[in-house]
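Here's the structure, in structure tokens; my notes come after.
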Amino acid sequence: MNGVTVLTMSFVEYSDFIQDGDVAVVYLGHESMMPVKVQQGAQTQTRYGAIRHSTDLIGQRYGSKVTCSKGGWVYVLHPTPELWTVTLPHRTQILYTTDIATITMMLELKPGSVVCESGTGSGSLSHAILRTIAPTGHLHTVEFHQQRAEKVAEEFKEHRVDHLVTVRNQDVCKDGFGVTGVADAVFLDIPSPWEAVRHAKAAMKKQGGRVCSFSPCIEQVQRTCEALVDQGFEEISTVEILLRIHDVRTVSLPLPDFGPDSLAQTQPDIAEKTPPIQASVAMKTTILPREMPGHTGYLTFATKPRT
């Protein structure tokens with residue numbers, strides 16, 4: 001590492017080497033990962049044995065294959081919002097990558113965007129927003145529950161994105177987002193989003209912008225749409241994202257029988273030299289699962305016109 005500029009780990013910037021104080025993701029398998037706070041002298045226990053932070057992690061490249069004390073091995077990955085979503089400690093029900101990707105696209109987020117969010121919850125969507133709006137954007141996120149607000153603020157600092165986010169512990173339905181006329185986009189994930197629509201409008205820029213509300217029940221969607229109409233929002237639409245994974249399998253398909261070969265009938269010598277046609281052929285194809293995850297929630301989008 002001599003002569004090499006070492007960047008600091010951040011959820012919005014990639015660094016090459018693991019350093020003391022970083023948050024790394026230990027990959028044991030596709031369905032088994034865990035976040036680890038790297039600390040000098042510390043150890044992390046896995047089913048393959050202990051990982052010694054001082055010798056096995058610090059100074060190693062992200063993506064390295066690390067051998068544990070029992071001889072098994074794991075990969076140590078650089079943290080991303082997607083990896084954080086599948087490994088974070090759940091304090092609330094969270095949004096997953098399928099919905100998150102749609103939200104960031106439909107809200108038209110980009111570097112430099114200013115976003116208001118409520119509620120923060122476990123911070124799954126927050127991290128994805130921060131990566132999208134970095135390095136010059138800002139997230140104003142509101143969480144009603146004091147302990148959750150304090151915990152997510154602590155995580156933002158550990159993940160070195162706290163310069164991009166302001167966390168407020170207040171009731172968005174009563175007190176709003178704490179800012180006026182600054183937001184390019186607003187996201188609502190609260191039990192009664194219709195009560196916060198007027199605050200969302202007040203937080204948005206005069207040039208307009210986009211708002212999204214996530215609700216698990218259609219009755220919530222109906223009341224929210226009514227509030228959006230009352231506040232003058234346009235282009236109101238609701239979508240539901242259902243993920244259907246296709247499994248790749250090898251299948252054996254029978255070949256069709258087109259009858260006797262006319263050439264073989266007229267020239268018996270060729271028929272004797274021609275090997276018999278296989279009765280079936282193996283092919284790669286996709287098969288739908290017998291069961292699939294169902295409804296998660298409805299995403300309602302709307303546009304604030306220029307004022």
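Not less than 6.0 angstrom separates the ring centroid of H199 from the ring centroid of F177.
A side-chain donor from one of S54 and Q40 sits under 3.5 Å from a side-chain acceptor of the other. Side chains of T238 and T300: a donor-acceptor N/O pair is present below 3.5 angstrom, by distance only. Donor-acceptor pairing under 3.5 Å is lacking for the side chains of E226 and Q222.
Residues Y96 and I94 have side chains in contact (heavy-atom distance under 4.5 Å, counting atoms from C-beta outward). At least one side-chain heavy atom of T44 sits under 4.5 Å from a side-chain heavy atom of H53. Counting heavy atoms from C-beta outward, Y298 and I218 have side chains that approach closer than 4.5 Å. Side-chain atoms of C212 and M106, non-hydrogen and from C-beta on, never get closer than 4.5 Å to each other. S192 is not listed as a side-chain neighbour of Q220, based on a closest heavy-atom distance of 4.5 Å or more.
Within a 6.0 Å sphere centred on CZ of F144, heavy atoms belonging to other residues, nucleotides or ligands number 12 at most. At most 12 heavy atoms of other shown residues, nucleotides or ligands fall within 6.0 angstrom of atom CD1 in I245. Heavy-atom contacts from other residues, nucleotides or ligands closer than 6.0 Å to CD of Q147 number 12 or fewer.
Judged as a side-chain contact (heavy atoms from CB on, under 4.5 Å), and not counting sequence neighbours, the contacts of K110 are S113. Residues forming a side-chain hydrogen bond (donor to acceptor under 3.5 Å, both in side chains) with H295 (at least two apart in sequence, or on another chain): E240.
Within the 3.5 Å criterion, the main-chain N or O of K205 finds a donor-acceptor partner in the side chain of K304. E143 places a side-chain N or O within 3.5 Å of a backbone atom of H145 that can act as its donor or acceptor partner.
Tested against C173, the residues V197, L188, V142, I190 include a single side-chain contact (heavy atoms from CB on, under 4.5 Å) partner, I190.
Here the CD-OG1 distance, from E195 to T224, works out to 10.0 Å after rounding to the nearest 0.5 Å. A distance of 9.5 Å separates CG of L28 from CE of M33, quoted to the nearest 0.5 Å. Between I241 atom CD1 and L95 atom CG the span is 11.5 Å, to the nearest 0.5 Å. Atom CZ of R244 sits about 4.5 Å away from atom CG of L288, to the nearest 0.5 Å.
Using a 4.0 Å cut-off between a side-chain N of Lys or Arg and a carboxylate O of Asp or Glu, E155 and R91 qualify as a salt bridge. K37 has a carboxylate O that lies under 4.0 Å from a charged side-chain N of E158, or vice versa, which qualifies the two as a salt bridge. Taking 4.0 Å as the cut-off between side-chain N and carboxylate O, K157 and E154 do not count as a salt-bridged pair. Taking a cutoff of 4.0 Å between a charged side-chain nitrogen and a carboxylate oxygen, R131 and E13 do not qualify as a salt bridge. Taking the charged nitrogens against the carboxylate oxygens, R160 and D22 do have a contact shorter than 4.0 Å, which makes a salt bridge.
The nearest pair of heavy atoms linking S32 to R47 is OG-NH1, 3.6 Å. Residues V25 and P79 come closest through the heavy atom pair CG2-CA, 4.1 Å. Closest of all the heavy-atom pairs between M34 and Q45 is CE-O, 3.9 Å. The minimum heavy-atom distance between W73 and Y48, with the atom names listed, is O-CD1, 3.8 Å. Closest approach of A50 to D56, counting heavy atoms only: O-OD2, 4.3 Å. Shortest non-hydrogen contact noted between A24 and Y62 is CB-CE2, 4.0 Å.
Evaluation of the side chain to side chain donor-acceptor pair (under 3.5 Å) test over residues 114-129, restricted to residues two or more places apart or in two chains, returns T85-S124, T92-S122, E117-S126, E117-T141, T120-T141, H127-H159.
Hydrophobic clustering (side-chain heavy atoms under 4.5 Å, transitive across Ile, Leu, Val, Met, Phe, Trp, Tyr) keeps W194 apart from L228. Tracing side-chain contacts under 4.5 Å through hydrophobic residues (I, L, V, M, F, W, Y), one never reaches V86 starting from V23; they form parts of separate clusters. I100 and L299 end up in the same hydrophobic cluster when Ile, Leu, Val, Met, Phe, Trp and Tyr side chains are linked at under 4.5 Å.
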